[in-house]
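Both backbone and side-chain heavy atoms feed into the values below; hydrogens, waters and symmetry mates do not.
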Amino acid sequence: MKRFKNIDPFTTIVPFVIILFFCIMFVIRPEQSTGVLGVVRGFLGDELGSYYLVIGLGVFLTSLYMAFSKYGDIVLGKKGEKPKYSFFSWGSMMFTSGLAADILFYSLCEWVLYANEPHISELGSIQDWASAIPLFHWGPIPWSFYAALAASFGFMLHVRGCRKQKYSEACRPLLGALTDRAPGKLIDIIAVFALIAGTATTFSLATPLMGKAISELFGINDSKWLTIVILLITCFVYTFTVLKGMKGVKYLAHICMYVFFALLCYVLFLGGQTRYIIETGITAIGSLAQNFIGLSTWTDALRTSHFPQNWTIFYWAYWMVWCVASPFFMGSISRGRTVRQVITGAYIFGMGSTFMSFIILGNYSLGLNMHGILDVMGIYAENADLYGTIMAILETLPAPEIVIVLLIVSMIAFYATSFDSITLVASAYSYRAVPDDYEAGPGMKLFWAIILIMLPIALVFSESSMNNLQTVSIIAAFPVAVIIIMIIASFFKDAGRLIEKG
């Protein structure tokens, strides 16, 4: 009864109503929904696109200052307190709690999407830039959102000792008493909307690849019902592990990393493109390092290609909407570590694993195309089927069935681990206050596990709506970006007081 009274109806009932509304609209009014979203995206992405770019670069530079200034020495917990998790367990959960499944998906195909873009021709050749741009879109700036916020949330939880695990609470140093009034409630509603947008987008982007892989492996028809079965299996896995608590999440993260590296090693050493993969990867990292500021600030003011509007802005927005859950989880598991360790850990484990995935998987398929082994660009141009193109790439590997099995297992495991972290954070979000080392009850975890799968299943019945999920992320990220700035500013205000006290 005491636990029931502790539930915050505002952050529990409102999300349910929002999700139910979107489910209904996407199923019964897909065309009208698409029209409305398109108008809003046109305004935010095209007219106000610079807003996302400036915030992205600003957060990245701020994260470096947080790590390597006096703030980096702050311990997230009591002085001398040791970390709760081993370095490998902590790093595994840092990487897998985010967009790991999407990282795996885009690693296989993203260069194909860029290859014929006019902007690639402006920069140079496909060989030099089709592999470098993905590293930019999944590299320092996206991971800086997680890194800076993970440190801020960790400070809020383990130093300030805040037991209200809400976005609004992270802004208390700035908002003061307004945190408990309308402004704080509005921040929490925006956070919930962003959480819904992020989870729905993630499931819709990569789940069809698993459906395609299973249909190829077992010779069954690839249909919406197969996609729903995959979603339900994934839901079962992450619900089972999240009910086991942090121990289940930790073990699943370990499994993810082992399967993930097995897949990368298989492609790197058995695909016949080892030298090309390594050398192209080194060149791509060099190109990114030399041109990072230019890429981060290019707005295409004359709209000669709309490249930043179509791609860069979407990626920044996509990572922003995931900032509601993943950094909160990262901060919660970082007790006993310093601000510097949290930020550098996000870059080393998170960005490092991301780069390995894009360099190995992406450059393997690029090598097939550039060496004339497989006309990857031609296959995609012929039918615009990204998932079919990926399957054609995988079938060039020795014993492709093994690779497909590894791909399916790793994607389900990645999805499950990501949604474990979201479910834990969302469950804690539903309580008025969460005591130290307290975990939400099984009923609340189950409630959120089911809620998070509802919208993706509804979207299966509306293909046009699924194609417009990029728009949902861009819309949701617009107000989230302001809140991100407020949270980081709150960290500096609170941490500055702590340092002054000594």
Next item on the list: Begin with the C-alpha distance, continue with both residues' side-chain angles, and end with the deciding distance and a verdict on side-chain contact (heavy atoms from CB on, under 4.5 Å) for Val339 and Phe491.
Entry: CA-CA 11 Å; Val339 168; Phe491 163 80; 4.2 Å; yes

Notebook entry, point to check: Could you walk me through whether Met94 and Phe329 pass the side-chain contact (heavy atoms from CB on, under 4.5 Å) check?
Noted result: CA-CA 8 Å; Met94 290 280 278; Phe329 179 77; over 6 Å; no

Item checked: Steps toward side-chain contact (heavy atoms from CB on, under 4.5 Å) verdict (Leu149, Val59) -> CA-CA 10 Å; Leu149 289 182; Val59 172; over 6 Å; no

Notebook entry, point to check: Between Ile103 and Phe358, is a side-chain contact (heavy atoms from CB on, under 4.5 Å) present by the stated rule, with each step listed?
Noted result: CA-CA 8 Å; Ile103 288 168; Phe358 273 93; 4.1 Å; yes

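Of all heavy-atom pairs spanning Thr179 and Ser168, the tightest one is CG2-O, 3.4 Å. Among all heavy-atom pairs drawn from Gly58 and Thr62, the shortest one is O-OG1, 2.7 Å. For the residue pair Phe355 and Leu135, the shortest heavy atom distance occurs at CE1-O, 3.5 Å. Residue Ala150 comes nearest to Val342 through the heavy atom pair CB-CG1, 3.8 Å, listed as atom of the first residue, atom of the second, then distance. Of all non-hydrogen atoms in Trp111 and Ala130, the two that sit nearest each other are CB-O, 3.1 Å. Closest of all the heavy-atom pairs between Gly72 and Thr338 is O-CB, 3.5 Å.
When the side-chain hydrogen bond (donor to acceptor under 3.5 Å, both in side chains) test is applied to Ser131, no partner is found at least two apart in sequence or on another chain. Under the side-chain hydrogen bond (donor to acceptor under 3.5 Å, both in side chains) criterion, Ser144 pairs with no residue at all, not counting sequence neighbours. In this view, Ser334 and Trp90 satisfy the side-chain hydrogen bond (donor to acceptor under 3.5 Å, both in side chains) rule, not counting sequence neighbours. Taking the side-chain hydrogen bond (donor to acceptor under 3.5 Å, both in side chains) definition, one finds that Arg172 meets it with Glu169, Asp180, sequence neighbours left out.
Although no hydrogens or angles enter the test, the distance criterion places a donor-acceptor pair under 3.5 Å between the side chain of Ser296 and the main chain of Phe292. Remark: the backbone N or O of Ser305 is paired with a side-chain donor or acceptor of Asp300 at under 3.5 angstrom. In this structure a side-chain-to-backbone donor-acceptor pair under 3.5 Å is present from Ser326 to Ser97.
Paired with His254 under the rule ring pair (Phe, Tyr, Trp, His ring centres under 6.0 Å), one option of Phe88, Tyr85, Phe261 passes, and it is Phe88. Screening Glu110, His306, His137, Glu117 for a side chain to side chain donor-acceptor pair (under 3.5 Å) involving Trp311 leaves a single residue, Glu117. The ring pair (Phe, Tyr, Trp, His ring centres under 6.0 Å) test with Trp319 singles out one residue from Phe145, Trp138, Phe314, and that residue is Trp138.
Within the model, atoms CG of Asn291 and CZ of Phe136 stand 10.5 Å from one another, a figure rounded to the nearest 0.5 Å. Rounded to the nearest 0.5 Å, atoms CG (Leu57) and CD1 (Ile55) are 11.5 Å apart. To the nearest 0.5 Å, atoms CG (Leu264) and CD1 (Ile359) are separated by 10.5 Å. Between the OG atom in Ser332 and the CG atom in Leu76 there is a gap of 11.0 Å [rounded to 0.5 Å]. Separation of atoms CZ (Phe105) and CZ (Phe414) is listed at 15.0 Å; rounding is to 0.5 Å. Note that CZ of Phe153 and NE2 of His158 are 12.0 Å apart. Values are rounded to the nearest 0.5 Å.
Ser490 and Asp494 share no donor-acceptor pair across their side chains, judged by distance under 3.5 Å alone.
By the 4.5 Å heavy-atom criterion applied to side chains, Leu64 and Phe60 are counted as neighbours. Counting heavy atoms from C-beta on, the side chains of Ile190 and Phe478 never come closer than 4.5 Å. Contact annotation: the side chain of Pro173 approaches that of Arg160 to within less than 4.5 Å [non-hydrogen atoms, C-beta and beyond]. Proximity of Ser287 to Thr283: side-chain heavy atoms (C-beta onward) are separated by under 4.5 Å at one or more points. At least one side-chain heavy atom of Ile483 sits less than 4.5 Å from a side-chain heavy atom of Cys171. With a 4.5 Å cut-off on side-chain heavy atoms, Thr96 and Leu252 do not count as touching. Side chains of Leu104 and Ser357 form a contact here, defined as non-hydrogen atoms less than 4.5 Å apart. Proximity of Thr312 to Tyr52: side-chain heavy atoms (C-beta onward) are nowhere separated by under 4.5 Å.
In this structure, Phe492 places its CZ atom where more than 12 heavy-atom neighbours from other residues, nucleotides or ligands lie under 6.0 Å away.
Between His119 and Trp298, the ring centre distance stays below 6.0 Å. For an aromatic pair to be called close, the ring centres must be under 6.0 Å apart, and Trp143 with Tyr315 fails this. Separation of the Phe87 and Phe349 ring centroids falls under the 6.0 Å cut-off. Ring pair Phe307/Tyr114: centre-to-centre distance below 6.0 Å.
Among residues at least two apart or in separate chains, side chain to side chain donor-acceptor pair (under 3.5 Å) pairs with a member in residues 67-78 are Asp73-Arg340. Counting only residues at least two apart or on different chains, the side chain to side chain donor-acceptor pair (under 3.5 Å) pairs with a member in residues 342-353 are Ser63-Tyr347.
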